[in-house]
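Everything on this sheet refers to the single structure shown next.
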Amino acid sequence: MLTNTKYIFVTGGVTSSLGKGIISASLAKLLQARGYTATIQKLDPYINVDPGTLNPYEHGECYVTDDGAETDLDLGHYERFLNTPTSQANNVTTGRIYQSVIEKERKGEFLGKTVQVIPHITDEIKNRIKALGNTGKYQFVITEIGGTVGDIESLPYIEAVRQLKWELESDCIVIHLTLLPYLATSGELKTKPTQHSVKLLLEYGVQPDVLVCRSEYPVTKDIKKKLALFCNVAQDAVIEALDASTIYEVPLLMEKENLDLIVLKKLNVSNPPEVRLDAWKNFLNKLTNPSKEIHIGLIGKYVELKDSYKSISEAIIHAGSVNDCKVIVDWIHSESLTEENIQSKIGNLKAILVAPGFGNRGIEGKIAAIKYARENKLPFLGICLGMQCAAIEFARNVLGLKDAHSREMNPATSSPVIDLLENQKNVSHMGGTMRLGAYQCELEEGTLAYKIYGQKNITERHRHRYEFNNEYKKQFTENGMVLSGINPNAGLVEIIELPQHPFFIGVQFHPEYKSTVENPHPLFVSFIKAALN
């Protein structure tokens with residue numbers, strides 16, 4: 001049994017987007033597979049308080065936790081790998097750090113002292129890092145530092161790491177993830193960028209304990225020896241991280257490289273239990289050796305940047321594995337769809353998913369796709385705005401309310417089947433003010449939703465301001481739409497479905513946030529099953 005919480009920091013060098021989140025999640029998975037408790041947090045150097053107001057093109061998907069935190073998409077990877085929920089404490093931004101310190105200064109908590117980056121900002125960072133360890137729930141806290149070493153924004157974080165390394169002594173190590181570029185002209189991997197990156201870390205007073213080297217080609221013994229010599233790192237602590245065919249392969253690659261054993265040794269943890277990854281290997285085997293494949297369409301307005309729908313695409317992968325099927329996603333821009341071309345664009349697909357989003361752009365394309373799916377018995381899943389578009393389409397083409405719309409897109413509509421939540425009408429601040437986090441939903445027995453979940457009461461995560469307008473409930477139900485999921489406290493409609501259709505369901509919440517490798521989301525599993533049928 002470990003007496004002290006162990007802290008592991010993951011920094012990045014040479015270039016961004018090397019996969020610090022996946023390496024962190026893979027290490028945590030291996031520690032978990034040995035019977036330890038681990039959690040991961042992300043320190044983001046930007047000054048936004050959270051990514052909630054960022055355009056998906058700018059930062060990819062905004063991931064929402066049970067407690068309503070709008071966070072970085074890496075938290076999605078953490079949950080999918082570890083099958084344990086994250087919280088507000090797992091994502092820290094520079095904006096939040098400064099906001100907290102300034103608030104304390106305004107309250108007079110610094111007793112007349114000059115407030116400075118060191119020690120006040122760095123102390124706040126250290127407190128946030130240690131907060132997870134202080135809960136007593138985790139033996140290992142892995143902290144991923146966003147950005148690249150050398151960025152001005154991440155300097156306070158690196159300084160906090162330097163201080164913690166000094167304070168925590170043998171309970172703290174640093175893993176540095178770096179890139180070994182391959183030069184085709186000379187046919188070799190180059191170590192110089194990594195050497196410079198480590199040199200920069202050393203200038204800041206931080207000596208990495210482990211080097212993880214991303215590479216397209218195998219890292220030879222000689223290269224490892226060279227890196228060890230120039231970077232002051234033990235040779236067995238220079239780890240090769242080859243490009244993988246899927247992110248879910250990375251824990252096994254890291255196990256093969258003994259990353260977890262090296263980390264445990266550096267942290268003076270002796271006689272660790274054996275790794276047990278049977279369920280993971282079983283999932284990976286089904287994922288990489290499917291017996292069939294299907295094409296489904298994902299219709300959205302941010303499809304150029306697939307990270308905008310990261311949790312959805314991962315939930316589809318999980319559901320494909322359960323159904324022993326490779327799901328090929330056709331990414332379809334909703335702006336490209338019209339009533340005239342819809343048959344040629346989606347007619348050959350086995351199912352469509354209409355994605356969440358905000359704003360008017362591409363709305364009519366989504367509505368055209370839903371109309372086609374409803375009329376042609378094509379399996380359909382609508383998430384958040386996708387569900388709202390299904391309500392608008394039904395109101396226009398079944399109820400005959402030709403002007404039906406959402407007040408978000410058309411404030412002057414005479415048939416606002418989607419309207420602003422009552423408690424949102426006086427909101428002036430955009431950040432963190434939506435209906436966020438986990439809410440209850442009660443399912444009607446005998447419906448498709450009830451059959452999918454197999455229970456009456458469920459909890460799902462939300463992120464929206466607009467909602468199905470209950471004034472239209474009677475008209476919808478009289479014309480065949482079943483409102484199968486209702487929030488018991490506010491009476492809000494959470495799920496709509498068409499019973500005379502093989503699979504037509506829209507949900508106001510975001511089921512994708514809760515899909516993990518060990519617990520693929522039943523809604524996605526049923527959706528892919530319907531597509532196969």
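Computed from a predicted model, the values in this text were never measured in an experiment. Numbers here simply count residues along the sequence, with the first being 1.
The CH2 atom of Trp331 lies 8.5 Å from the OG atom of Ser308; values are rounded to the nearest 0.5 Å. Distance check: Asn489 CG to Glu442 CD gives 9.0 Å after rounding to the nearest 0.5 Å. For the atom pair SG of Cys62 and CG of Leu73, the computed distance is 9.0 Å after rounding to the nearest 0.5 Å. Here CD of Gln41 is found 3.5 Å from OG1 of Thr143. Values are rounded to the nearest 0.5 Å. Here the straight-line distance linking atom CG of Leu75 with atom OG1 of Thr65 works out to 7.5 Å at 0.5 Å rounding. Atom CG of Leu264 sits about 7.5 Å away from atom CD1 of Ile8, to the nearest 0.5 Å.
Remark: of the listed residues Glu79, Glu494, Glu512, Glu79 is the sole one forming a salt bridge (Lys or Arg N to Asp or Glu O under 4.0 Å) with Arg461. Considering Leu177, Ile247, Leu27 as possible partners of Ile22, the one that fulfils the side-chain contact (heavy atoms from CB on, under 4.5 Å) test is Ile247.
Side chain of Ser313 to backbone of Lys310: a donor-acceptor contact under 3.5 angstrom is found. Remark: the backbone N or O of Val206 is not paired with any side-chain donor or acceptor of Arg162 at under 3.5 angstrom. Formation of a donor-acceptor pair under 3.5 Å by the Gln99 side chain with backbone atoms of Val49 is not found in this model. At distances below 3.5 Å, not a single donor-acceptor pair connects side-chain atoms of Asn487 with backbone N or O atoms of Leu492. Under a 3.5 Å cut-off, the side chain of Thr288 and the backbone N or O of Leu284 do form a donor-acceptor pair. A donor-acceptor contact shorter than 3.5 Å is absent between the side chain of Lys514 and the backbone of Pro85. Side chain of Lys42 to main chain of Thr71: no donor-acceptor pair is present (N/O by atom type, distance under 3.5 Å, no hydrogens or angles). Side-chain N or O atoms of Lys301 include none that pairs as donor or acceptor with a backbone N or O of Ala355 at under 3.5 Å. Looking at Gln207, its side chain never comes within 3.5 Å of a backbone N or O of Val174 through a donor-acceptor pair. Without hydrogens or angle criteria, Thr459 side chain to Ala438 main chain gives no donor-acceptor distance under 3.5 Å.
Using a 3.5 Å distance cut-off with no hydrogens or angles, the side chains of Arg361 and Ser334 do not pair a donor with an acceptor. Thr39 and Tyr78 share no side-chain donor-acceptor pair at under 3.5 Å. His510 and Ser311 are not linked by any side-chain donor-acceptor pair at a separation below 3.5 angstrom, with hydrogens and angles left out of the test.
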Would you please test Thr5 and Asp171 for side-chain contact (heavy atoms from CB on, under 4.5 Å) and show each step?
CA-CA 7 Å; Thr5 302; Asp171 289 334; over 6 Å; no
With side chain to side chain donor-acceptor pair (under 3.5 Å) as the criterion, how do Thr94 and Glu153 come out once you've worked through the C-alpha distance, each side chain's angles and the decisive distance to 0.1 Å?
CA-CA 8 Å; Thr94 298; Glu153 303 93 273; over 6 Å; no
Stepwise side-chain contact (heavy atoms from CB on, under 4.5 Å) test for Phe524 and Leu353:
CA-CA 10 Å; Phe524 283 90; Leu353 185 153; 3.8 Å; yes
Run His120 and Phe110 through ring-ring contact (aromatic ring centres under 6.0 Å, His included) and show every step you take.
CA-CA 9 Å; His120 303 103; Phe110 295 116; 4.8 Å; yes
Lys366 and Leu385: CA distance, side-chain angles, deciding distance, side-chain contact (heavy atoms from CB on, under 4.5 Å) verdict
CA-CA 9 Å; Lys366 288 182 177 183; Leu385 182 61; 3.7 Å; yes
One pair to check against ring-ring contact (aromatic ring centres under 6.0 Å, His included): His521 and Tyr453. What are the steps and the verdict?
CA-CA 9 Å; His521 198 287; Tyr453 282 94; 5.7 Å; yes
Gln388 and Ser406: side chain to side chain donor-acceptor pair (under 3.5 Å), yes or no, with the steps?
CA-CA 8 Å; Gln388 295 177 0; Ser406 162; 4.7 Å; no
Give the C-alpha distance, both sets of side-chain angles, the deciding distance and a yes or no for side-chain contact (heavy atoms from CB on, under 4.5 Å) between Asp209 and Lys165.
CA-CA 11 Å; Asp209 301 278; Lys165 238 192 149 192; 2.9 Å; yes
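Within 6.0 Å of NZ on Lys286 lie more than 12 heavy atoms contributed by other residues, nucleotides or ligands. Residue Glu274 places its CD atom among 12 or fewer non-hydrogen atoms of other residues, nucleotides or ligands, all under 6.0 Å distant. Within 6.0 Å of NZ in Lys456 there are more than 12 heavy atoms belonging to other residues, nucleotides or ligands. Crowding of Leu202 atom CG: a count of heavy atoms from other residues, nucleotides or ligands under 6.0 Å exceeding 12. Sparse packing is recorded around NZ of Lys137, with 12 or fewer heavy atoms of other residues, nucleotides or ligands lying under 6.0 Å away.
Across all non-hydrogen atoms, the minimal contact from Gly437 to Val64 is N-CG1, 3.7 Å. Minimum heavy-atom separation, Ile142 to Ser24: CD1-O, 3.8 Å. Looking at every heavy atom in both residues, Ala160 comes nearest to Ile125 through CB-CG2, 3.6 Å. Closest heavy-atom contact between Thr122 and Pro156: CG2-O, 3.7 Å. Summarising the geometry of Gly21 relative to Glu144, their closest heavy-atom pair is CA-OE1, 3.2 Å, with the distance given to 0.1 Å. Contact between Leu168 and Cys172 at its shortest, heavy atoms only, is CB-CB, 3.8 Å.
A salt bridge links Arg463 to Glu70: at least one charged side-chain nitrogen sits closer than 4.0 Å to a carboxylate oxygen. Ion pairing between a basic and an acidic side chain is recognised when a charged N comes within 4.0 Å of a carboxylate O; Lys281 and Asp278 show no such pairing.
With ring centers used as reference points, Tyr138 lies 6.0 Å or more from Tyr36. Between His318 and Tyr248, the distance separating the two ring centers is shorter than 6.0 angstrom.
Leu43 places a side-chain heavy atom less than 4.5 Å from the side chain of Ile129. Put simply, the side chain of Arg128 reaches to within 4.5 Å of the side chain of Ser100, judged on heavy atoms. The side-chain heavy atoms of Val115 and Lys104, taken from C-beta on, include no pair separated by under 4.5 Å. Side-chain contact between Tyr98 and Val117 is present, with heavy atoms from C-beta onward closer than 4.5 Å. Side-chain contact between Ile496 and Met387 is present, with heavy atoms from C-beta onward closer than 4.5 Å. Contact check for Ile175 versus Lys266: no side-chain heavy atoms found under the 4.5 Å cut-off. At least one side-chain heavy atom of Leu443 sits under 4.5 Å from a side-chain heavy atom of Cys441. Contact of the Val233 side chain with the Val198 side chain is not registered, since no non-hydrogen atoms from C-beta on lie closer than 4.5 Å.
In this pair, Tyr63 and Tyr513 present their aromatic rings perpendicular. The plane angle is above 60°, beyond the 30 to 60° band. Ring geometry for Phe81 versus His77: interplanar angle over 60°, hence perpendicular rather than tilted (30 to 60°).
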